[in-house]
**Q** 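Provided herewith is a single structure, encoded as structure tokens, for subsequent inquiry.
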Amino acid sequence: MTDLVRTDAAELGRLIASREVSSQEVTRAHLDRIDAVDGPVHAFLALDTDRALATARSIDERIATGERLGPLAGVPIAVKDLFCYESLPTTASSRMLEGWVPPYTSTVVRRCLDAGLVVLGKTNLDEFAMGSSTETSAFGPTHNPWDLDRIPGGSGGGSAAALAAFEAPLALGTDTGGSIRQPAAVTGTVGVKPTYGGTSRYGVIAMASSLDQPGPCARTVLDAALLHEVIGGHDPMDQTSIDQPVPDVVAAARSGDVTGMRIGVVKEFGGEGYQPGVEARFHEAVEALVDAGAQVVEVSCPHFEYALPAYYLIQPAEVSSNLARYDAMRYGLRIGDDGTHSAEQVMSMTRGAGFGAEAKRRIILGTYALSAGYYDAYYGSAQKVRTLIARDFENAWASCDVLVAPSTPTVAFRLGERTADPMAMYRADLCTIPANMAGNAAGSFPCGLADGLPVGFQVMAPVMADDRVYRVGAALERILEDRWGGPLLDRAPHLSGEFDREDAR
Ligand code: GLN
């Protein structure tokens, strides 16, 4: 009997379509798995059990009548709790939205439902997607299935942990500065941030709108590509949506042919602050790609080192504007509405109680950066840096087809290790932020272990060349699986003992 929770999405889709297993069996297997392991992992904030089983039943019925559905029909998926899905609470991991039930469904989730995917529930994240560890969630952190004392990355740590703990074969994430790629890197899974405008932001709770981008999370490159194909493409409901066909990511993921491809290694990423094991795995992966037929060039992107400081002006500026809507008047939390307080007092009491420390820090920082006397010095300068980063990418494409770098400077750190030091937390996204600033496609793929924990390999491609990210990712996956004799996740210590060890609780 196939172990359904360890089977990848492409294979599950095939088994369901050929009626070797039913979507109901697959869905139940994942719900049972969640029941068994999510206590210590805490990847999920809410489950949608009844609707999931009803959807699975209807998919099975449609297949039984001979209807031909897409390749992922009947396959379960976990959804980051930032996507609106009608009648299921959407919290963004904030007290501000606790108990709020959206009256509509985001385009990305709608497309998943149309493709026959079965939504299992909503996954944990840092509050309003701000953080690199899920520790700013108002509902407690998620634990990394590789080592439950460590962070699963963030903000999308719940989605990544759900994949790594075999609670779901697919998940949805959003990436503003690295929130798909960094969690993928530290959990040994795959995560892709599509080109900005390549997936719709409609119905995704806004954080920093010029940077936010929904994307696929999976355990294999092909699974991520199949999900990307489902969720990608033009949406008239999102004014920044690109009206062009989705690049052929599935063909690229199936091919994995990198013969003659020019791979640019970003010179500026490495050295101080990078864990030696991370750098070693990264360089070995580059060599493996050369063995597979790729050419390597060293590329200088001199402005990438300013991406992090510029991000921490632009991102908070947009946050301060987007989070202004939580004013206690329209929806969400309301505190002090007892007839003795003015509207201003109710707003201030609500915002004081409803937002956590990180959200407040960003709102204050952003409001300051946008204030009249400082606008040019801070926000204006950061926007100029953003242009220079985009130019670095443009210059790079003259000599290479993709850029590569480690996804993160270190492997998963311990829970609590960086909570008192925001700057240390922010540095987790050192290598991922440039692609958000310029709107490029980028993905993270497992490339080995350092100190027994997963290391991520980042591939960045030009705008609307998302297929190249998958091509390189698939090449790497193939080479490394041959070397390891199977997927990296099979080497996770806690995943064989299944969380039953004393120290795992
Ligand atoms: N860690 C980054 C931040 O805190 C990125 C978050 C994200 O991509 N949503 O802003």
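Remember, it's 1-based here, ligands and their atoms both numbered in the order they're listed. Residue numbers run from 1 in the order of the sequence given. Values below: all heavy atoms of this structure, side chains included; hydrogens, waters and symmetry mates excluded.
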**Q** What I want to know is whether Gly131 and ligand 1 share at least one N or O pair that is separated by under 3.5 angstrom.
**A** yes
**Q** Using a strict 4.0 Å cut-off to heavy atoms of Ser132, name the atoms of ligand 1 that fall inside it.
**A** 1 (N)
**Q** Among all protein heavy atoms, pick out the one at the shortest distance from atom 6 (C) of ligand 1; state its residue, atom name and that distance to 0.1 Å.
**A** Ser179 OG, 2.8 Å
**Q** At a non-hydrogen distance cut-off of under 4.0 Å, which region of Arg362 contacts ligand 1 (side chain, backbone, both, or neither)?
**A** side chain
**Q** I'd like to know if the side chain of Glu279 reaches the main chain of Gly271, judged simply by a donor and an acceptor atom lying under 3.5 Å from each other, with no hydrogens or angles considered.
**A** yes
**Q** May I ask which of Tyr312, Tyr311, Phe128 has a heavy atom nearer to atom 5 (C) of ligand 1 than the others do?
**A** Tyr311
**Q** Are Phe44 and Phe139 an aromatic pair by the rule of ring centers under 6.0 Å?
**A** no
**Q** Spell out, as yes or no, whether a donor-acceptor pair under 3.5 Å connects the side chain of Gln182 to the backbone of Ser132.
**A** yes
**Q** Considering only NZ, NE, NH1 and NH2 on the basic side and carboxylate oxygens on the acidic side, decide whether Glu394 and Arg391 come within less than 4.0 Å.
**A** no
**Q** Pick one of side chain, backbone, both or neither for how Ser155 approaches ligand 1, counting any non-hydrogen atom pair under 4.0 Å.
**A** side chain
**Q** If you measure from each non-hydrogen atom of Met425 to ligand 1, which part falls under 4.0 Å: side chain, backbone, both or neither?
**A** neither
**Q** For the pair Glu98 (side chain) and Leu333 (backbone), establish whether a donor and an acceptor sit closer than 3.5 Å, ignoring hydrogens and angles.
**A** no
**Q** Among all protein heavy atoms in this structure, tell me which lies nearest to atom 1 (N) of ligand 1, with the distance rounded to 0.1 Å.
**A** Asp429 OD2, 2.4 Å
**Q** Do Ser159 side-chain atoms and Leu172 backbone N/O form a donor-acceptor pair below 3.5 Å?
**A** yes
**Q** Please state which part of Gln182 comes within less than 4.0 Å of ligand 1, counting heavy atoms only: side chain, backbone, both or neither.
**A** neither
**Q** Taking distance alone, with no angle check, do Thr176 and ligand 1 share an N/O pair under 3.5 Å?
**A** yes
**Q** If you count the atoms of ligand 1 from 1 in the order shown, which ones are under 4.0 Å from a heavy atom of Met130?
**A** 4 (O)
**Q** Any side-chain to backbone donor/acceptor pair from Glu318 onto Ser210? Under 3.5 Å, distance only.
**A** yes
**Q** Less than 4.0 Å is my threshold; does some heavy atom of Tyr426 fall inside it relative to ligand 1?
**A** no
**Q** Using atom types as modelled and distance alone, determine if a side-chain donor or acceptor of Thr142 lies under 3.5 Å from a backbone N or O of His42.
**A** yes
**Q** Is a side-chain N or O of Lys80 found less than 3.5 angstrom from the main chain of Ala171, in a donor-acceptor match?
**A** no
**Q** Which of the atoms in ligand 1, numbered in the order shown and given with their element, are less than 4.0 Å from a heavy-atom of Ala129?
**A** 6 (C), 7 (C), 9 (N)
